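Each ligand, and each atom within it, is numbered from 1 in the order the structure gives. Computed from a prediction, not measured in an experiment: that's the story for all the values here.
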Amino acid sequence: MSQRKVVGIDLGTTFSAIAHIDAYGKPQIIPNTETERITPSVIFFDDSHVIVGSVAKNNAVAEPEKIVDFVKREMGKPKDQFHREFGGKIYSAEELSALIIKKLKADAEKYLDQPITDAVITVPAYFNDAERTATITAGQLAGLNVLQIINEPTAAALAYGLDKLDENQTVFVFDLGGGTFDVTIMRIVDHKIEMLATNGDHRLGGKDWDDVIVNLIAEEFDRLHGENPLLDLHSYQELHNRALAAKIQLSSRNNTIIVYHHGGKSVKLTLTRKEFEKRTRHLVEKCKTICEMVMQEAKLKWDKIDKVLLAGGMTRMPMIRAMISGLSAVPQVDQVNPDEVVSRGAAIQGILSILNEEDISGEKTVDDSLRQQFSALDGGLIEVTDITSHTLGVVLWDQRQLQEYVFPMIPKMTPIPAVIRNSFGTADANMQRAVVKVVEGESTVPGECTPLGVCDIQLPPYLPKGSPVKLTYQYNANQVLEVEVQAAGNNAKVTIDRNTGLAPQEIEQAASGLGELQVS
Ligand code: AMP
């Protein structure tokens, strides 16, 4: 039996975590070499050496120019839109994320004293095709076989739901992390977990609350000393640390004193929880609106929700809990540590994926005792059904309006994996080629959607107008899309040509480049 070891990785904006399934079938966090259960997603470039985690974070104030953080917000961007240069080498968002994963993997291998081969990595439910593809690439660059990409709220739901499968219930998962916000409604029915609706904002998270305090301190400093400390990168890091500490204190205290020094001058101010809540009300309102939207999408009233599951460090804030209480009076569950629940859920999905693979290949790679732990009442494996977070469409020509519009091929909230086929007629007689523009988004106006790529297929001559062009959209469990176009005997399979991220040949090059780097 060839041994495989799978982990679940929560690749977070501010912190990352890694978990595995222990010999008793329980998901466990794997601490890093600094003995911490979560690792700051901060990278420090020190000549030929790369340091990830707390040591890197602690260096942020002294040498901010050698630091990269918040990489997750840049995932999916091509190198010309986002990159960082250190020691003459240019790093893409995928490569930087790969360095964080490398650190998690190396520390876990040391802790478990065995090689790690496979991983499930989590992403915000609202991540799009490019962001998901970039996350898979990051895992591969770090030397892992990425079994699956799953949504963070799905992972949280899985970690929570695993030992509650006996109770049929509808759970609202509220996940507010350092940089992203996700809400998902899930239903546990007859030992199966189904996602009903999902929504979010991947640019809303703890950092936005921190920045409110950063600006407050900077304004006060400017008022007293006539100088804006934000104009200096060193000061921003220092200010951000002060703001973060103040925010966390205000979760348990009614006020906090902030002292900040810069260029030999200082400022001292008291911030009350009430004042902080007033200044961040717009952020809480944003969260509330998204919660209401997802309920509408699921066509549910709040009285149909049995529990609210809290995930993400920001749900420790009383203003967030109060807002949720205002929406629903049901119990808020947080006995699962919000910083750890996502990676633990990913580890569960990891074992489920491997067991599924075993069922198909017939090859045994994990102990039999584990299979029992992850089986439903009927003896089959526990099933988790996720749904699409975005509509995937194709741009078509409207003959009557004489303009382009988006036809939804796979509507938002379709259970996945999904395969959808449709046939369209050519717009004119004797068309030379069919150009299929693939887009993602909820609008019917092409300009309001995100272009994913183009499929271009040559047509035989003299085809009459209205000749069928058949499209197949295949959305796999990772929520990554493959498109196939067939037209008039040209049964060519065309994979969409993505205009983002690293190309396949670039991935190989990047992997060997990263292999030479020492990461600790
Ligand atoms: P996550 O990405 O889930 O690890 O969430 C991290 C975010 O939660 C960061 O913005 C932290 O500053 C924030 N956070 C963690 N603990 C607390 C707390 N006690 N009060 C307020 N925010 C917190």
Side-chain angles (χ1 to χ4, degrees), residues 8-19 29 31-32 36-42 52-54 57 60 69-73 75 97 100 104 121-127 135 151-157 159-160 173-184 200-214 237 239-256 258 271-273 276-277 279-280 283-284 286-287 309-324 332 334 336-346:
I9 295 178
D10 170 7
L11 186 61
T13 314
T14 48
F15 287 95
S16 295
I18 180 165
I29 290 286
N32 62 20
E36 302 152 333
R37 294 171 71 78
I38 51 175
T39 301
S41 308
V42 182
V52 174
S54 295
K57 193 174 176 197
D69 53 5
F70 296 101
V71 183
K72 189 169 178 176
R73 287 193 165 179
M75 289 295 266
S97 289
I100 299 171
L104 299 173
I121 308 177
T122 60
V123 292
Y126 233 63
F127 252 25
T135 306
N151 293 338
E152 284 157 12
T154 306
Y160 163 78
V173 188
F174 183 102
D175 181 0
L176 186 59
T180 55
F181 175 51
D182 265 325
V183 277
T184 294
D201 182 341
H202 64 254
R203 290 207 156 257
L204 179 63
K207 186 174 186 298
D208 299 296
W209 272 261
D210 304 344
D211 283 345
V212 168
I213 306 183
V214 165
Q237 287 291 352
L239 260 176
H240 187 239
N241 288 349
R242 292 269 174 281
L244 196 87
K247 175 186 76 175
I248 290 176
Q249 278 205 348
L250 288 176
S251 287
S252 53
R253 294 172 48 179
N254 284 327
N255 57 60
T256 182
I258 304 167
L271 180 61
T272 62
R273 186 191 285 172
F276 182 44
E277 290 183 350
R279 286 178 179 260
T280 53
L283 299 171
V284 179
K286 262 192 183 175
C287 295
L309 174 60
L310 301 178
M314 287 291 291
T315 57
R316 296 200 178 95
M317 285 201 313
M319 66 176 101
I320 293 296
R321 293 184 179 216
M323 181 274 285
I324 302 170
Q332 294 176 11
D334 66 352
V336 272
N337 187 330
D339 301 317
E340 300 180 0
V341 63
V342 169
S343 59
R344 296 191 338 177

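The ligand atoms of ligand 1 that sit less than 4.0 angstrom from a heavy atom of Thr14 are 2 (O), 6 (C). Within ligand 1, counting atoms from 1 as listed, the ones closer than 4.0 Å to a heavy atom of Asp339 are 4 (O). Heavy-atom contacts of Lys247 reach the following atoms of ligand 1: 9 (C), 10 (O), 11 (C), 12 (O), 13 (C), 22 (N) (cutoff under 4.0 Å). Heavy-atom proximity to Gly312, at under 4.0 Å, picks out these atoms of ligand 1: 3 (O). Under a 4.0 Å criterion applied to the non-hydrogen atoms of Leu244, ligand 1 contributes the atoms 12 (O).
Scanning the protein heavy atoms around atom 17 (C) of ligand 1, the nearest turns out to be Gly313 O, 3.5 Å. Among all protein heavy atoms, the one lying closest to atom 16 (N) of ligand 1 is Arg316 NH1, 3.0 Å.
For Thr13, the closest heavy-atom approach to ligand 1 does not fall below 4.0 Å.
Taking a cutoff of 4.0 Å between a charged side-chain nitrogen and a carboxylate oxygen, Arg73 and Asp208 qualify as a salt bridge.
Geometric assessment of Lys207 against the ring of Phe70 yields a positive cation-pi assignment under the 6.0 Å and 45° thresholds.
Taking any N or O of Met314, backbone or side chain, at least one lies under 3.5 Å from an N or O belonging to ligand 1.
Using a 3.5 Å distance cut-off with no hydrogens or angles, the side chains of Thr39 and Ser16 do not pair a donor with an acceptor.
Contact of the Lys72 side chain with the Phe127 side chain is registered, since non-hydrogen atoms from C-beta on lie closer than 4.5 Å.
With rounding to the nearest 0.5 angstrom, the CG atom of Leu250 is 15.0 Å from the CZ atom of Arg316.
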